[in-house]
Amino acid sequence: MTIPFFTRTQRAANPGNGKTARLFISGDAAAVAVGADGVATAIAHAAATAGRTVDITRIGSRGMLWLEPLVEVEIAGVRHGFGPIEPAEVAQLVNAGLFNADTSLLAHPRSLGPVDKIGYFARQTRLTFARCGLIDPLSQEAYRANGGYKGLERALSLAPAGTVDEVTKSGLRGRGGAGFPTGIKWKTVHDTAAEQKYIVCNADEGDSGTFADRMLMEGDPFVLIEGMTIAGLAVGASKGFIYVRSEYPHAIAVLRSAIATARKAGLLGGDVAASKRAFDLEVRTGAGAYVCGEETALLESLEGRRGVVRAKPPLPAHRGLFGKPTVINNVLSLAAVPFILAEGAKTYFDYGVGRSRGTMPIQLAGNIKRGGLFETAFGMTLGELVDDIGGGTATGRPVKAVQVGGPLGAYFPRALFDTPFDYEAFAARDGLIGHAGVVVFDDTADMAKQARFAFEFCAIESCGKCTPCRIGSTRGAETIAKVMAGEQPDTHLALVTDLCNTMKFGSLCALGGFTPYPVMSALNHFPEDFRRSKRLPQAAE
Ligand SMILES: Cc1cc2nc3c(=O)[nH]c(=O)nc-3n(C[C@H](O)[C@H](O)[C@H](O)COP(=O)(O)O)c2cc1C
Ligand code: SF4
């Protein structure tokens, strides 16, 4: 017997006469990758063999990836965690009384206590991810029972401009990277007259160390559907597209299934929630180019062409998909909207600091002990995130650098760990939050290699439209290689700095324009790694 991903409640074949244990195991791709399907299947087999009944609900991820496969057992009405559990360890869990689901099971060596009391989880403020890991992602009833569709209800009670105003007042900024105020973008589309407008969800999620979009789409797809529906009704768009990277087959399957359910329930289609207003959705799959996450290249790709960046203006809000006014937002931006509408702009705005309002689902990755998703209000320092929440490196060695914001983000040394997670604070230190991917490196990392990699990445992913990026990235990789080989390092480092300036100010989009961030931060914070004396015996230049 196999329990396919996102199967809802699975009841073992041989109903016994004892009580039915209620179990929850993630069907999220990250849990499945480390054996969650095998664990679910082994438990169902063991129950069938023992003549016991067991309900296994496949849920989204709680975001504590180092504990996967995590088995949650409802004991006296509370969900207790056991993990990580290998499929081979299921028999031991069964012998400890898994199917009785009583307190004797708590003596199991992998018992973690109530899941929502685990420090990593308890310290979060889960607004966007409130339901992720809690419910069956494809149960619309469970979604509703846990606050779903309240936002849409409220939006339907407001004039479209009122919804836009609410999003503006919440202080929500784009979670895809640029941090542009979402309400202003929506207002531009709202105010632009057109027969047809579109909502496009950017689910290309190309940044290194990021997985929040995927986790949300797999774990709570209805919140994205609701957010996009609210956006459509607010700006007057009747059609939406979700552009998902092809490497996310689980997310694509979940979204398609959830969209069909929403349509059947009358929450998508020609008459959304009996409002006499239309909005429908389609999932489209990307083909694996980083640059297709850039909004205009994404639109080209959606229209069936090669992903090449378009010059702006015109802005997509004026002339976007198929030349029509288009809202293009990241998954997390759109998924924050139902909460904002349901609870009010002020509730959301009250979280955060400065001009960074609300919460950010931060992704802790790379060489880190407790990797996963951590949603928190803006303002926590980088050091708290890496050391306290993440527990330092997985290797146990000292942290050397942290790259925040994907492949175009700056490397932060420990000396800057007091930087609060906030758009402006990061910018003030020549960094960016981007999509909030935090990738940790220990003291074995060679920052010259990382700088060379930044250029190489840019060279591979460049769309080729503008010269500073197309040519500069390759010349940059070659020049750093010369520095690494000890060939006139001062001269070549000066050239790299000059090249970075040209790319920063002369590139058409942020792929070429931001590649200098990782390069220059590596150079400025870790100059010793660029010196030949560290690599080879000293030689005269
Ligand atoms: C090279 C490049 C790649 C990008 N990749 C993504 C991506 O994978 N996902 C995303 O949401 N935004 C990405 N962006 C940012 C988008 O261009 C755009 O700002 C974003 O989709 C707008 O949505 P937001 O305002 O909700 O953040 C990328 C930008 C660049 C320059
Ligand atoms: S910066 Fe690079 S990716 Fe962006 S438009 Fe220019 S060539 Fe294309």
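- Atom NE2 of His250 is separated from atom CE of Met217 by 12.5 Å, given to the nearest 0.5 angstrom.
- Rounding to the nearest 0.5 angstrom, the gap separating the OG1 atom in Thr359 from the CZ atom in Phe378 is 7.5 Å.
- Within the 3.5 Å criterion, the main-chain N or O of Val283 finds a donor-acceptor partner in the side chain of Arg256.
- Side-chain atoms of Glu89 come within 3.5 Å of backbone N or O of Glu86 as a donor-acceptor pair.
- Remark: the backbone N or O of Thr395 is paired with a side-chain donor or acceptor of Asn367 at under 3.5 angstrom.
- Under a 3.5 Å cut-off, the side chain of Glu226 and the backbone N or O of Leu152 do form a donor-acceptor pair.
- Remark: side-chain polar atoms of Glu205 are paired, donor with acceptor, to backbone N or O of Ala212 under 3.5 angstrom.
- Side-chain N/O atoms of Asp136 and Thr57 include no donor and acceptor closer than 3.5 Å.
- Remark: the Tyr243 side chain and the Ser301 side chain contain an N/O donor-acceptor pair separated by less than 3.5 Å.
- Counting only distance, with no hydrogens or angles, the side chain of Gln403 and the backbone of Gly409 share a donor-acceptor pair below 3.5 Å.
- For the pair Gly133 and Glu72, the tightest heavy-atom approach, listed with the atom from each and the gap, is O-OE2, 4.4 Å.
- At a threshold of 4.0 Å, the pair Asp443-Arg414 does not count as salt-bridged, since none of the basic side-chain nitrogens sits closer than that to a carboxylate oxygen.
- In this structure, Val34 and Pro69 have side chains that are in contact, with non-hydrogen atoms separated by less than 4.5 Å.
- For Phe412 and Phe417, the gap between ring centers reaches or exceeds 6.0 Å.
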Check against side-chain contact (heavy atoms from CB on, under 4.5 Å), Tyr120 and Leu67: CA-CA 11 Å; Tyr120 188 99; Leu67 295 178; over 6 Å; no

Lys449/Asp529 under salt bridge (charged side-chain N to carboxylate O under 4.0 Å, His left out): CA gap, chis, key distance, verdict: CA-CA 9 Å; Lys449 274 192 189 161; Asp529 284 15; over 6 Å; no

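- Across every non-hydrogen atom of Leu172 and Tyr348, the tightest pair is CD1-OH, 3.7 Å.
- Of the candidates Leu298, Ile242, Leu334, Val200 forms a side chain to side chain contact (heavy atoms under 4.5 Å, CB included) with just one, namely Leu298.
- The distance from the CG atom of Asp422 to the CE atom of Met380 is 14.0 Å, given to the nearest 0.5 Å.
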Derivation of the salt bridge (charged side-chain N to carboxylate O under 4.0 Å, His left out) call for Asp446 and Arg452: CA-CA 10 Å; Asp446 179 338; Arg452 188 184 58 191; over 6 Å; no

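- The backbone N or O of Gly206 lies less than 3.5 Å from no partner atom in the side chain of Asp204, so there is not a single donor-acceptor pair.
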Intermediate values then yes/no, side-chain contact (heavy atoms from CB on, under 4.5 Å), Leu134 and Ile59: CA-CA 7 Å; Leu134 204 63; Ile59 50 175; over 6 Å; no

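- In plain terms, the two heavy atoms of Gly431 and Ala410 that are nearest each other are CA-CB, 3.8 Å.
- Shortest non-hydrogen contact noted between Val94 and Ala46 is CG2-CB, 3.9 Å.
- Under 3.5 Å, the side chains of Asp207 and Tyr290 contain a donor-acceptor pair of N or O atoms.
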side-chain contact (heavy atoms from CB on, under 4.5 Å) evaluation trace for Met215 with Gln363: CA-CA 11 Å; Met215 208 169 255; Gln363 299 123 89; over 6 Å; no

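- Atom OG in Ser61 sits 8.0 Å away from atom CZ in Phe211 (nearest 0.5 Å).
- A donor-acceptor pair is defined here as one N or O able to donate and one able to accept, closer than 3.5 Å; such a pair exists between the side chain of Glu375 and the backbone of Leu127.
- Leu268 contributes atom CG, which lies 7.0 Å from atom CD1 of Ile259 (distance to the nearest 0.5 angstrom).
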Leu341 and Val167: CA distance, side-chain angles, deciding distance, side-chain contact (heavy atoms from CB on, under 4.5 Å) verdict: CA-CA 8 Å; Leu341 266 293; Val167 174; 4.1 Å; yes

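- Nearest heavy atom pair, residue Ile25 against residue Ala36, reads CG2-O, 3.9 Å.
- Looking at His435, its side chain does come within 3.5 Å of a backbone N or O of Arg175 through a donor-acceptor pair.
- In summary, of the residues considered (Arg355, Arg429, Arg357), a salt bridge (Lys or Arg N to Asp or Glu O under 4.0 Å) with Glu424 occurs for Arg355 alone.
- Side-chain atoms of Trp66 and Pro84, non-hydrogen and from C-beta on, never get closer than 4.5 Å to each other.
- In this structure, the separation between OG1 on Thr20 and CG on Asp55 is 6.0 Å, given to the nearest 0.5 Å.
- A salt bridge between Arg58 and Asp37 is present, with a side-chain N of the basic residue lying under 4.0 Å from a carboxylate O of the acidic one.
- Using a 4.5 Å heavy-atom threshold, the side chains of Leu105 and Phe82 count as touching.
- Between Ile362 and Ile389 the shortest side-chain heavy-atom distance does not fall below 4.5 Å.
- Leu112 is not listed as a side-chain neighbour of Met64, based on a closest heavy-atom distance of 4.5 Å or more.
- Using the six-membered ring where Trp is involved, Tyr149 and Tyr143 have ring planes that are perpendicular, over 60° apart on the 30 and 60° scheme.
- Side chains of Thr229 and Leu267 form no contact here, defined as non-hydrogen atoms less than 4.5 Å apart.
- The shortest heavy-atom contact between Asp387 and Arg370 is O-NH2, 4.5 Å.
- You'll find the side chain of Tyr423 reaches within 4.5 Å of the side chain of Arg173, heavy atoms only.
- A donor-acceptor pair is defined here as one N or O able to donate and one able to accept, closer than 3.5 Å; no such pair exists between the side chain of Arg397 and the backbone of Asp442.
- At a threshold of 4.5 Å between non-hydrogen side-chain atoms, the residues Phe129 and Gln124 do not count as touching.
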Intermediate values then yes/no, salt bridge (charged side-chain N to carboxylate O under 4.0 Å, His left out), Asp116 and Arg126: CA-CA 11 Å; Asp116 55 11; Arg126 286 196 158 209; over 6 Å; no

